[in-house]
Amino acid sequence: MEKSTICILITIIAYLILMVVIGIVYSRKNKDVSDFYLGGRRLGPLVSAMSAEASDMSSWLLMGLPGVAYLTGGAEAGWTAIGLAVGTYLNWLFVAKRLRIYSHKTGSITIPDFFSDRYGDKSKALMGVAAAIILIFFVPYTASGFSACGKLFSSIFGWDYHVAMIISAIIIILYTSTGGFLAASLTDLIQSFVMTLALISIVAFGVYYAGGLDNVIDNAKAIPGYFDLMNIHNTETGAADNYSGLTIASLLAWGLGYFGMPHVLLRFMASQDKDKIKTSRRIASIWVVISMGIAIFIGFIGNCLTSGGTIEKLDGSNSETIIIKIAMFMSNKNVLLALLAGLVFAGILACTMSTSDSQLLAASSSMSENLLKGVFKIKMDKKNSMLAARAVLVLIALLGVILAWDRDSSVFRVVSFAWAGFGATFGPVMLAALFWKRSNKYGAIAGMISGGIMVFVWKFGISRLGGAFAIYELLPAFITALIAIVVVSLITSAPEKEITETFEAVRAEIKQ
């Protein structure tokens, strides 16, 4: 084994051992399922902010986003990033504090719990629908993370993709199933720092070997439609294609997804102090803007290095390995840079693991707490509840491994679809639950179902008509769900007095 490969392996193994140790340490703090799934609402402002954003970004940040920028330039990646940055800020501004107060008042520990408690749904139908949606969209989302890990180890060490993917899944399962929410949140904080160092390292090294910042920019400007927000580079024709206002609006719609992301919303619910959420908002917003900007620029750097013959040309989903290719080139220079390359690979793992652990917990809670105990009324004591939680987590991870078996799947595209699914099903319902007193459980159920159906219908049917219909499925699905919530809520009975009184009590507390 080469010296550079040994250095990379040492760095990655040290990082993985740290993650598992954290899981073991925090396993002792999980006294019940509330601790396991919500950490006893003990997250400070820094951990709340960084764990929310680290769990949000996933392998999309270091693989998907640079890959899109590498192939087609700044338009698709740029408008998507702008939409996400705005969505991040608005989610922290309007949803975080309200959800923290409301969920604390209702005693909810999962998102399906909150919807059921908010609307006083004694039938648990709303809880069941919400839990099913989480399972439907989180399993492929988790699979995309496992796939990214498999591609990473396969590219670095030449391992079989499937073996590498399974090993990665086992590590994530180990620390998540033992440590629960607190372990996932603390590791997310550490992983956000590792991601940041990885991004900075790649940019500094890449710019130097690309011949300087001017060279990177000149190369981007020389490619038709590449260094432009109003045009996109067409890799098939080599020409610049115009970006319409509708397409831009479609990409900006990525920001709507934040209102419905369970793994992000859970961080709001777990915040220790509602008055410190403003601090969390500032930290999260700044980090998201900087990290996405750097990720896009890495795509530009990679394209410049390819043009100069330093790195091989990448096509299709292989473009998502551009950061891996740069780091491998870095590792061949000297021992110090090899260790730094190991940090970059740890950063890619961090992106993936920080999202996968949160998704596994959310999906596990939906199955064990909401479906088994909530909907099907299966009674379990504390010990059996914890066992069931961990068993379900492992089962969901196994399903993720099965779906990730195809190594040719695109991380960006899979995440895009799952993001639309959650944004359209939970986003409108969450906003209605927090801001509209007249909304009721019937409207909430109608919104979830119609939003979810429209995501599939638009993605696999209407969008194929092309033209104005070829927009991101989240936008039409989100609008459809909102309409369904309003119409169904108004034509059915108004919420009971007890429910509206709780709504008013929360509103009064927010104003204090």
Side-chain angles (χ1 to χ4, degrees), residues 53-54 56-86 88 148 192-233 235 240 243 248 251-252 254 285-308 310-314 318-330 337 340-341 343-348 350-351 411-412 415:
E53 301 318 314
D56 153 42
M57 283 298 156
S58 74
S59 51
W60 180 87
L61 178 66
L62 289 185
M63 294 183 73
L65 193 58
V68 169
Y70 170 86
L71 278 182
T72 62
E76 183 174 2
W79 286 114
T80 300
I82 291 170
L84 289 173
V86 173
T88 297
S192 68
F193 293 142
V194 176
M195 288 182 220
T196 304
L197 289 172
L199 288 165
I200 294 171
S201 301
I202 285 292
V203 167
F205 176 85
V207 167
Y208 178 79
Y209 277 91
L213 185 60
D214 289 341
N215 258 12
V216 174
I217 295 175
D218 289 342
N219 176 76
K221 288 181 177 178
I223 302 171
Y226 195 87
F227 198 65
D228 195 341
L229 282 176
M230 303 309 295
N231 293 283
I232 186 170
H233 177 64
T235 55
Y243 239 39
I248 292 171
L251 292 173
L252 289 174
W254 272 76
S285 300
I286 292 170
W287 186 82
V288 162
V289 170
I290 294 173
S291 62
M292 287 194 297
I294 293 175
I296 292 171
F297 192 59
I298 286 173
F300 290 177
I301 293 170
N303 192 289
C304 186
L305 290 171
T306 294
S307 299
T310 305
I311 292 175
E312 64 185 277
K313 185 177 181 180
L314 303 172
N318 285 330
S319 66
E320 294 178 344
T321 64
I322 183 59
I323 195 170
I324 296 174
K325 300 299 183 185
I326 298 174
M328 287 301 292
F329 176 64
M330 176 194 295
L337 287 177
L340 199 57
L343 183 67
V344 172
F345 293 130
I348 299 173
C351 277
V411 172
F412 186 90
V415 171

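Positions are given from 1 along the sequence.
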> Is a donor on one side and an acceptor on the other found under 3.5 Å between the side chain of Tyr226 and the backbone of Ala69?
Replying inline: yes
> Roughly how far apart are Asn215 CG and Ile301 CD1, rounded to 0.5 Å?
Replying inline: 12.0 Å
>> To the closest 0.5 Å, what do you measure between OH (Tyr243) and CE (Met230)?
In response: 10.5 Å
>> Looking at every heavy atom in both Met330 and Leu337, which two are closest together, and how far apart are they?
In response: O-CB, 3.4 Å
>> Tell me whether the rings of Tyr209 and Phe329 are parallel (<30°), tilted (30 to 60°) or perpendicular (>60°).
In response: perpendicular
> Looking at Asn231 and Ala75, what are the two nearest heavy atoms and their distance?
Replying inline: O-CB, 3.2 Å
> Going through the distances and angles, do Thr80 and Met292 end up as a side chain to side chain contact (heavy atoms under 4.5 Å, CB included)?
Replying inline: CA-CA 10 Å; Thr80 300; Met292 287 194 297; over 6 Å; no
> Does the side chain to side chain contact (heavy atoms under 4.5 Å, CB included) test come out yes or no for Phe297 and Val207, once each step is laid out?
Replying inline: CA-CA 10 Å; Phe297 192 59; Val207 167; 3.9 Å; yes
> Under the criterion side-chain contact (heavy atoms from CB on, under 4.5 Å), which of Ile200, Leu340, Ile326 is the partner of Phe205?
Replying inline: Ile326
> Just one of Leu71, Ile322, Asn303, Thr306 clears the side-chain contact (heavy atoms from CB on, under 4.5 Å) bar with Leu314, so which one?
Replying inline: Ile322
>> For a quick test of reading the model, state the closest non-hydrogen atom pair linking Leu305 to Gly206 and the distance between them.
In response: CD2-O, 4.1 Å
> When you look at Trp287 and Thr196, which way does the side chain to side chain contact (heavy atoms under 4.5 Å, CB included) test go after all the steps?
Replying inline: CA-CA 9 Å; Trp287 186 82; Thr196 304; 2.8 Å; yes
>> Any side-chain to backbone donor/acceptor pair from Trp79 onto Leu229? Under 3.5 Å, distance only.
In response: yes
> So how far is it from Ile202 CD1 to Ile323 CD1, rounded to the nearest 0.5 Å?
Replying inline: 5.0 Å
> Can you tell me how far the CD1 atom of Ile223 sits from the OG atom of Ser307, to the nearest 0.5 Å?
Replying inline: 5.0 Å
>> Tell me the closest heavy-atom pair linking Leu65 and Ala77, and the distance in Å.
In response: CD1-CB, 3.7 Å
> Which heavy-atom pair separates Tyr70 from Ser319 by the least distance, and what is that distance?
Replying inline: CD2-CB, 3.8 Å
> How far apart are the closest heavy atoms of Ala85 and Val289, and which atoms are they?
Replying inline: CB-CG2, 4.0 Å
> Does some side-chain heavy atom of Thr72 sit less than 4.5 Å from a side-chain heavy atom of Val68?
Replying inline: yes
> When you measure from the side chain of Ser291 to the backbone N and O of Val288, does any donor-acceptor pair fall under 3.5 Å?
Replying inline: yes
> For the side chain of His233 and the backbone of Ala240, is there at least one donor-acceptor N/O pair under 3.5 Å apart?
Replying inline: no
